[in-house]
Amino acid sequence: MVRAKLCGLGTEADVHAAVDAGADAVGFVTDVDVDTPREVAPERAATLADAVPPFVTTVAVTIPDSVAAAVEVADRVHPDAIQIHGEFGPEDVRVIRERAGVDVIVALGADETARASELEGVADALLVDSLTDEDAGGTGETHDWERTRELRESLSTPLVLAGGLTPENVREAVETVDPFAVDVASGVERDDEPGRKNHDALAAFVREARAAVETAPAAEGI
Ligand SMILES: O=C(O)c1ccccc1NCC(=O)[C@H](O)[C@H](O)COP(=O)(O)O
């Protein structure tokens, strides 16, 4: 069953709606040096994350300018996992994971297949996204899902598919890529208030993702 991360939450109401929609993970964008309607201060992210019930993974999403900055975000937000954007290598990820004591998800551009291989077995998950030149997400742009499926087939590290997903296209995306999880931010937002989530769209996204016909054979023996 594909998992769903609902990202860029900024209010208690949106957090509750994401949990009610069945999110497996919720993301809080914080300490990013780009213009986005989804950013919240680390302390706000910590308050929102603290409101999330058990069995829903909290993710601090950030563009740190150093390993130390990544660890600091984790120390301030207290998430279950941190999602880092930027040019971090395997040793950086190891150090962040050890010092922060949280899972580390590395965001990669859809064309960064070499980096994916380097991070194989080091990152806890690889989030393959349509990123900007500043390594930012939230673009609302899709990428070549066939290529990402090929990447997923080459990896044992869980692959999270992101970039331009919506309730309307997520089923096709899951059936094409067969990712460990899908992730969405702008594709489930209100038209009249960027950054605020459309609660019906949150529920539809999770429902459509889970309705996808799974292509991978069920794990044997468990
Ligand atoms: O969402 C943002 O505005 C953002 C800004 C800077 C760094 C990361 C950001 N989002 C990261 C995410 O995990 C998004 O959910 C992902 O990029 C997908 O976004 P979208 O294409 O809008 O669904």
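These numbers come from the heavy atoms of this one structure, side chains and all, not from hydrogens, waters or symmetry mates. Along the sequence shown, residues carry numbers from 1.
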CG of Asp111: more than 12 outside heavy atoms within 6.0 angstrom?
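Result for CG/Asp111: enclosed.
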Among residues at least two apart in sequence or on other chains, which ones pass salt bridge (charged side-chain N to carboxylate O under 4.0 Å, His left out) with Arg76?
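Arg76 satisfies salt bridge (charged side-chain N to carboxylate O under 4.0 Å, His left out) with Glu43, Glu72 once adjacent residues are dropped.
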Taking salt bridge (charged side-chain N to carboxylate O under 4.0 Å, His left out) as the test, write out the residues that go with Glu189, two or more places apart.
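Listed in chain order: Arg38, Lys197.
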Can you sort out the partners of Thr148 under side chain to side chain donor-acceptor pair (under 3.5 Å), two or more places apart, ordered by chain and number?
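With sequence neighbours excluded, Thr148 shows a side chain to side chain donor-acceptor pair (under 3.5 Å) to His143, given in chain and number order.
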Can you sort out the partners of Asp24 under side chain to side chain donor-acceptor pair (under 3.5 Å), two or more places apart, ordered by chain and number?
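Side chain to side chain donor-acceptor pair (under 3.5 Å) list for Asp24, sorted by chain: Arg210.
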Does the side chain of Thr57 pick up a donor-acceptor pair with the side chain of Asp80 at under 3.5 Å?
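Judged by distance alone, the side chains do not pair up.
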Side chains of Ser156 and Glu120: is there a donor and an acceptor less than 3.5 Å apart?
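Distance-only check passes for Ser156 and Glu120.
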Can you pull the salt bridge (Lys or Arg N to Asp or Glu O under 4.0 Å) pairs that have at least one residue in residues 96-106, sequence neighbours excluded?
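Passing the test, one end in residues 96-106: Arg97-Asp103, Arg97-Asp124.
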Can you see which heavy atom on Ala17 is nearest to which on Leu202, and at what distance?
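So the minimum-distance heavy-atom pair works out to CB-CD1, 3.9 Å.
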[atom2] on [Y] to [atom1] on [X], rounded to 0.5 Å:
{"X": "Leu119", "Y": "Glu112", "atom1": "CG", "atom2": "CD", "value": "9.0 Å"}
{"X": "Glu146", "Y": "Leu151", "atom1": "CD", "atom2": "CG", "value": "13.0 Å"}
{"X": "Asp192", "Y": "Asn198", "atom1": "CG", "atom2": "CG", "value": "9.0 Å"}

Trp145 side chain reached by Val128 side chain, heavy atoms, under 4.5 Å
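The answer is no; the side chains never approach within 4.5 Å.
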Starting from Val34, walk the hydrophobic network (Ile, Leu, Val, Met, Phe, Trp, Tyr; side-chain heavy atoms closer than 4.5 Å) and list everyone else you reach, by chain and number.
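Besides Val34, the hydrophobic cluster comprises Val29, Val32, Val59, Val61, Ile63, Ile105, Leu127, Val160, listed by chain and residue number.
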ILVMFWY network linking [X] to [Y], side-chain heavy atoms under 4.5 angstrom:
{"X": "Val174", "Y": "Phe180", "answer": "no"}
{"X": "Val73", "Y": "Val95", "answer": "yes"}
{"X": "Leu6", "Y": "Val19", "answer": "no"}
{"X": "Val93", "Y": "Val77", "answer": "yes"}

Backbone N/O of Ala212 and side chain of Glu175: donor-acceptor pair under 3.5 Å
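Pair absent, no side-chain N/O of Glu175 close to backbone of Ala212.
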Check for a donor-acceptor pair, side chain of Arg115 on one end and backbone N or O of Phe88 on the other, with a separation under 3.5 Å.
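Judged by distance alone, yes, a pair lies under 3.5 Å.
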